[in-house]
There are 4 protein chains.
Amino acid sequence: MTTVSAGSAPSEETNSKSERTRERILHAAAQVLSKKGYAGMRLGDVAVVAEVQAPAIYYYFESRDDLVEEVVWVGAYRVRTNLESMLAKLPAETTAMQRIMCAVESHLWFGLHISHYATAAIRIVGQVPEQLRTRSLAEEARYQQIWHELLKAAQGSGELRADIDLRTTQMLILGAMNWASEWWDPQQQSLENLVSATQELVRYGMGLRVERPR
Amino acid sequence: MTTVSAGSAPSEETNSKSERTRERILHAAAQVLSKKGYAGMRLGDVAVVAEVQAPAIYYYFESRDDLVEEVVWVGAYRVRTNLESMLAKLPAETTAMQRIMCAVESHLWFGLHISHYATAAIRIVGQVPEQLRTRSLAEEARYQQIWHELLKAAQGSGELRADIDLRTTQMLILGAMNWASEWWDPQQQSLENLVSATQELVRYGMGLRVERPR
Amino acid sequence: MTTVSAGSAPSEETNSKSERTRERILHAAAQVLSKKGYAGMRLGDVAVVAEVQAPAIYYYFESRDDLVEEVVWVGAYRVRTNLESMLAKLPAETTAMQRIMCAVESHLWFGLHISHYATAAIRIVGQVPEQLRTRSLAEEARYQQIWHELLKAAQGSGELRADIDLRTTQMLILGAMNWASEWWDPQQQSLENLVSATQELVRYGMGLRVERPR
Amino acid sequence: MTTVSAGSAPSEETNSKSERTRERILHAAAQVLSKKGYAGMRLGDVAVVAEVQAPAIYYYFESRDDLVEEVVWVGAYRVRTNLESMLAKLPAETTAMQRIMCAVESHLWFGLHISHYATAAIRIVGQVPEQLRTRSLAEEARYQQIWHELLKAAQGSGELRADIDLRTTQMLILGAMNWASEWWDPQQQSLENLVSATQELVRYGMGLRVERPR
DNA sequence: TATGAATGAGCATTCATTCAT
DNA sequence: TATGAATGAATGCTCATTCAT
């Protein structure tokens with residue numbers, strides 16, 4: 001799904017047994033991190049989930065923090081590349097607002113459905129020591145930049161009101177979606193439903209519209 | 001603002017020295033919790049912030065978890081009562097939508113400006129063991145209920161579109177605000193600004209309105 | 001019951017309120033000690049039993065060890081003086097063996113029925129640091145001495161076999177009685193019964209006697 | 001002496017290095033327990049004696065209480081199996097009284113000479129929380145049962161007086177021997193001596209026998 | 001005479017990490 | 001490539017003890 005290009009990119013195609021084990025550990029860490037938080041993740045738990053012994057982790061990662069760093073980075077990396085590839089697939093004539101709607105779908109779909117990495121990365125932001133965030137911060141900046149350009153384009157094309165505070169609004173929207181991992185329950189509501197409700201809110205707000213745009 | 005006097009309510013008026021120490025510890029715990037998360041809160045850190053020795057905490061709280069439980073509960077309790085008292089002050093003729101705007105202001109103002117408790121409670125949701133959440137879950141349910149009634153009233157009065165998914169929208173809005181504690185920086189943006197940007201988003205969304213309602 | 005003569009003797013007649021509290025604490029300590037052992041006795045438990053607050057203990061005793069020391073000493077002291085007063089009451093013509101039987105009764109009766117102090121003193125022998133035992137060791141030596149004289153007298157009068165190892169036998173008998181506190185249950189067996197069974201064992205052993213002496 | 005091989009029996013043959021370490025910790029715990037009592041046993045002391053670091057104990061035992069439980073059980077188990085194997089070695093024609101004498105020897109020899117476990121088990125009876133005693137209580141019941149049968153057989157064969165209270169006498173004898181760990185000093189008296197003095201007391205008591213039975 | 005408040009020392013336990021194999 | 005065994009550095013918690021009142 002994710003289109004991985006460069007050498008050091010986080011592969012999802014597992015090759016050798018060794019690489020598969022490494023991936024299993026990373027997966028397990030993402031899972032545990034998203035449930036227990038940064039300080040709450042114990043290597044023992046990760047080992048259980050990954051079906052290895054705890055010391056085996058050290059064969060693949062220098063330290064616990066290294067493991068966390070990678071999870072967080074992979075999360076951010078995949079969220080960004082996923083969005084990029086989704087946007088790339090859109091036909092040229094897609095309007096700016098439709099692109100934003102696509103980004104909403106990408107964010108929710110990826111964060112809630114595909115990847116523990118994203119959830120983990122999202123949930124432990126703010127608990128992770130600064131020094132572990134260098135790589136992921138860069139990714140997040142790129143991601144924010146993509147969103148920023150989407151919004152600016154929409155404003156340019158007149159699809160977005162000129163008077164809104166772009167940066168704040170962007171953060172509020174991403175926040176609304178990030179927080180969904182705290183309450184959204186696939187048993188109670190389909191992801192499609194959540195996506196369209198979010199798109200509605202983002203586009204029109206809750207208030208009454210006298211005349212439906214478009 | 002909330003002056004709670006009755007029964008077992010969490011007092012903010014500190015009386016005896018003993019009560020003040022207890023409050024200091026509770027404050028400190030909220031602060032540390034919101035920064036480090038549930039598993040990351042060490043009693044030693046709390047003690048340093050509260051300017052006591054760590055074992056003194058046990059004079060006031062049965063256990064670490066008891067302390068966390070109280071912080072989380074106080075957070076939820078104060079958020080709810082703050083909203084109630086804000087709403088109670090509104091004149092009778094206030095429209096349903098205006099009440100919602102007031103609730104937005106209350107939520108952001110209280111969560112970001114007034115109380116580490118609220119931030120703590122928000123940030124560690126999902127990390128705290130279920131058994132510590134009994135009291136706070138009840139509070140949160142009451143809070144959600146108040147919001148739900150606000151939205152329903154607005155829908156009833158025709159100020160809200162009839163076709164939106166109330167529950168999902170409510171969660172998205174609260175999420176957008178909760179997440180603000182992750183990125184909002186008082187140095188860069190005034191709270192007033194954040195509040196009005198949020199109110200705008202909630203009310204009208206980002207999209208162009210052909211004709212401004214009302 | 002105990003005939004206390006000298007000034008510093010452990011009084012059982014409580015006079016002032018202060019003295020009564022002190023006695024209550026001492027009692028409580030004896031009770032807790034006999035149940036939990038030396039290291040297991042917590043001042044908090046003692047305080048609960050004595051119905052005071054823990055720090056109050058320090059008004060009456062220099063330290064925890066001081067309290068223990070006194071309990072142990074009072075136990076030893078009372079066991080000794082009790083035996084002495086029992087023996088003193090016997091008519092002049094009492095035989096040496098009858099005196100021993102009286103001592104057996106005294107030991108059991110006192111250790112099991114009257115006094116937690118004795119039980120405590122007995123049970124924690126060997127756990128208490130040497131330095132706390134100075135006074136009580138002296139008492140115990142006196143007690144052993146009394147027993148030794150009783151046995152020697154009986155050997156002298158021909159009531160005891162000449163070929164038995166007096167010291168070892170004495171220790172075995174006292175041990176048999178001391179250990180009774182571990183298993184004797186007043187609900188299942190009267191003290192009188194235990195006393196006479198012990199007297200029988202001491203006097204005749206378990207073995208068949210061809211001809212009953214005397 | 002006891003060579004236990006079957007099932008979950010506490011092995012004395014140490015095999016792997018790991019098993020030897022575990023045994024060393026168990027030994028150390030028995031030693032410390034018998035000296036300091038249940039509450040007085042610190043894992044630090046055990047670790048020093050076992051020549052490991054304290055946390056290493058947790059590699060072999062779930063908790064401090066688990067360690068205590070095992071010591072107490074091993075003590076009870078070995079005392080019982082030792083007695084059984086001693087009795088099993090006696091020739092068929094051994095009289096019931098001689099069997100009892102053998103049991104006395106076994107108890108003293110094992111409790112005082114061979115095994116800290118036995119001493120520990122004996123000394124901390126009554127301090128150990130009930131829940132740690134399940135396994136050992138079962139062992140002790142079996143041990144008491146063996147003794148009971150020995151005594152009953154002797155009464156049946158006419159070697160024991162018919163009029164003695166079997167249960168009480170049995171407890172007194174075992175108590176006399178258990179207590180020996182409090183006072184017996186191998187420097188001052190040989191174990192052989194203690195054994196024969198005890199056998200004498202058990203068989204004939206202290207009193208004068210007109211005619212030596214048998 | 002007694003207690004509420006607080007502390008320092010110590011203890012059981014956990015956990016990331018190491019290392020020989 | 002992986003694990004069994006072990007450890008050092010915390011960390012929560014207990015408890016004797018102090019002290020102002």
Side-chain angles (χ1 to χ4, degrees), chain A residues 16-22 25 39-47 51-68, chain B residues 16-22 25 39-47 50-67, chain C residues 16-22 25 39-47 51-68, chain D residues 16-22 25 39-47 50-67:
Chain A
S16 64
K17 191 190 162 210
S18 166
E19 254 180 75
R20 256 180 292 128
T21 308
R22 190 190 142 92
I25 292 170
M41 180 191 89
R42 282 170 299 158
L43 289 190
D45 294 348
V46 173
E51 294 179 280
V52 295
Q53 298 299 100
I57 295 171
Y58 286 87
Y59 188 80
Y60 299 97
F61 300 90
E62 289 274 315
S63 69
R64 191 192 107 114
D65 275 357
D66 247 57
L67 176 56
V68 172
Chain B
S16 62
K17 191 192 164 209
S18 169
E19 255 179 75
R20 258 179 292 130
T21 308
R22 193 192 138 94
I25 291 169
M41 181 191 90
R42 281 168 296 153
L43 290 188
D45 295 347
V46 174
E51 292 178 286
V52 293
Q53 298 301 88
I57 296 171
Y58 286 87
Y59 189 78
Y60 297 96
F61 300 91
E62 290 271 314
S63 67
R64 194 191 104 115
D65 274 358
D66 244 58
L67 177 55
Chain C
S16 62
K17 190 190 164 209
S18 165
E19 253 178 78
R20 256 179 292 128
T21 308
R22 189 190 142 94
I25 291 169
M41 181 192 90
R42 283 170 299 158
L43 289 190
D45 294 348
V46 174
E51 294 178 281
V52 294
Q53 298 299 100
I57 295 171
Y58 286 87
Y59 189 80
Y60 299 97
F61 300 91
E62 288 274 314
S63 69
R64 191 191 108 114
D65 275 356
D66 247 56
L67 176 56
V68 172
Chain D
S16 63
K17 192 192 164 209
S18 169
E19 254 179 75
R20 258 179 292 129
T21 308
R22 192 192 138 94
I25 292 169
M41 181 191 90
R42 281 169 297 155
L43 290 189
D45 295 347
V46 174
E51 292 178 284
V52 292
Q53 298 300 89
I57 295 171
Y58 286 86
Y59 189 78
Y60 297 96
F61 300 91
E62 290 271 313
S63 67
R64 194 191 104 116
D65 274 358
D66 244 58
L67 177 55

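Throughout, protein chains are lettered first and strands after them, A, B, ... in sequence-line order, and every chain is numbered starting at 1.
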Report task. Any chance you could measure B:Met41, atom CE, to B:Leu67, atom CG, to the nearest 0.5 Å? Result -> 4.5 Å

**Report entry** Interatomic distance where CD belongs to C:Glu51 and C1' belongs to E:dT3 [whole Å]
**Finding:** 16 Å

Report summary line: In whole angstroms, the gap separating C1' of E:dT7 from CD1 of B:Ile57 amounts to 13 Å

Report task. Examine distances only and state if a side-chain atom of A:Arg22 and a backbone atom of A:Lys17 form a donor-acceptor pair shorter than 3.5 Å. Result -> no

Requested in this report: Can you sort out the partners of D:Ala47 under side chain to side chain contact (heavy atoms under 4.5 Å, CB included), two or more places apart, ordered by chain and number?
Outcome: D:Val52, D:Ala54, D:Ile57

Query - From B:Ile25 atom CD1 to B:Phe61 atom CZ, the distance as rounded to the nearest 0.5 Å - result: 6.0 Å

Requested in this report: Write down the distance between CZ (D:Phe61) and P (F:dA5), rounded to a whole number of angstrom.
Outcome: 13 Å

Query raised in the report: Can a side chain N or O of B:Gln53 be found less than 4.0 Å away from OP1 or OP2 on E:dG8?
Result: yes

**Report entry** Minimum-distance nucleotide (side-chain atoms of A:Ala56 versus E:dA2, F:dT3, E:dT3)
**Finding:** F:dT3

Requested in this report: Determine: side-chain N/O of C:Ser18 to OP1/OP2 of E:dT1, distance under 4.0 Å, yes or no.
Outcome: yes

Considering only nitrogen or oxygen atoms on both sides, find all protein atoms under 3.5 Å from nucleotides 16-20 of chain E and state each distance.
| unit_1 | atom_1 | unit_2 | atom_2 | d |
| --- | --- | --- | --- | --- |
| E:dA16 | OP1 | A:Met41 | O | 3.4 |
| E:dA16 | OP1 | A:Leu43 | N | 3.2 |
| E:dA16 | OP2 | A:Leu43 | N | 3.1 |
| E:dT17 | OP2 | A:Tyr58 | OH | 2.3 |
| E:dT17 | OP2 | A:Arg64 | N | 2.8 |
| E:dT17 | O5' | A:Tyr58 | OH | 2.8 |

Query raised in the report: Rounded to the nearest 0.5 Å, how far does CD of C:Gln53 lie from CG of C:Leu43?
Result: 12.5 Å

Query raised in the report: Think A:Tyr59 has a side-chain N or O under 4.0 angstrom from the OP1 or OP2 of F:dA2?
Result: no

Query raised in the report: Where each pair must be Watson-Crick or G-U wobble with both distances under 3.5 Å, what dot-bracket representation of DNA chain F is obtained, with crossing pairs in [ ] and other-strand partners as |?
Result: .||||||||||||||||||||

Query raised in the report: Roughly how far, to the nearest 0.5 Å, is OH of B:Tyr59 from OG of B:Ser18?
Result: 6.5 Å

Query raised in the report: Measuring from A:Asp66:CG to A:Tyr60:OH, what's the distance to the nearest 0.5 Å?
Result: 15.5 Å

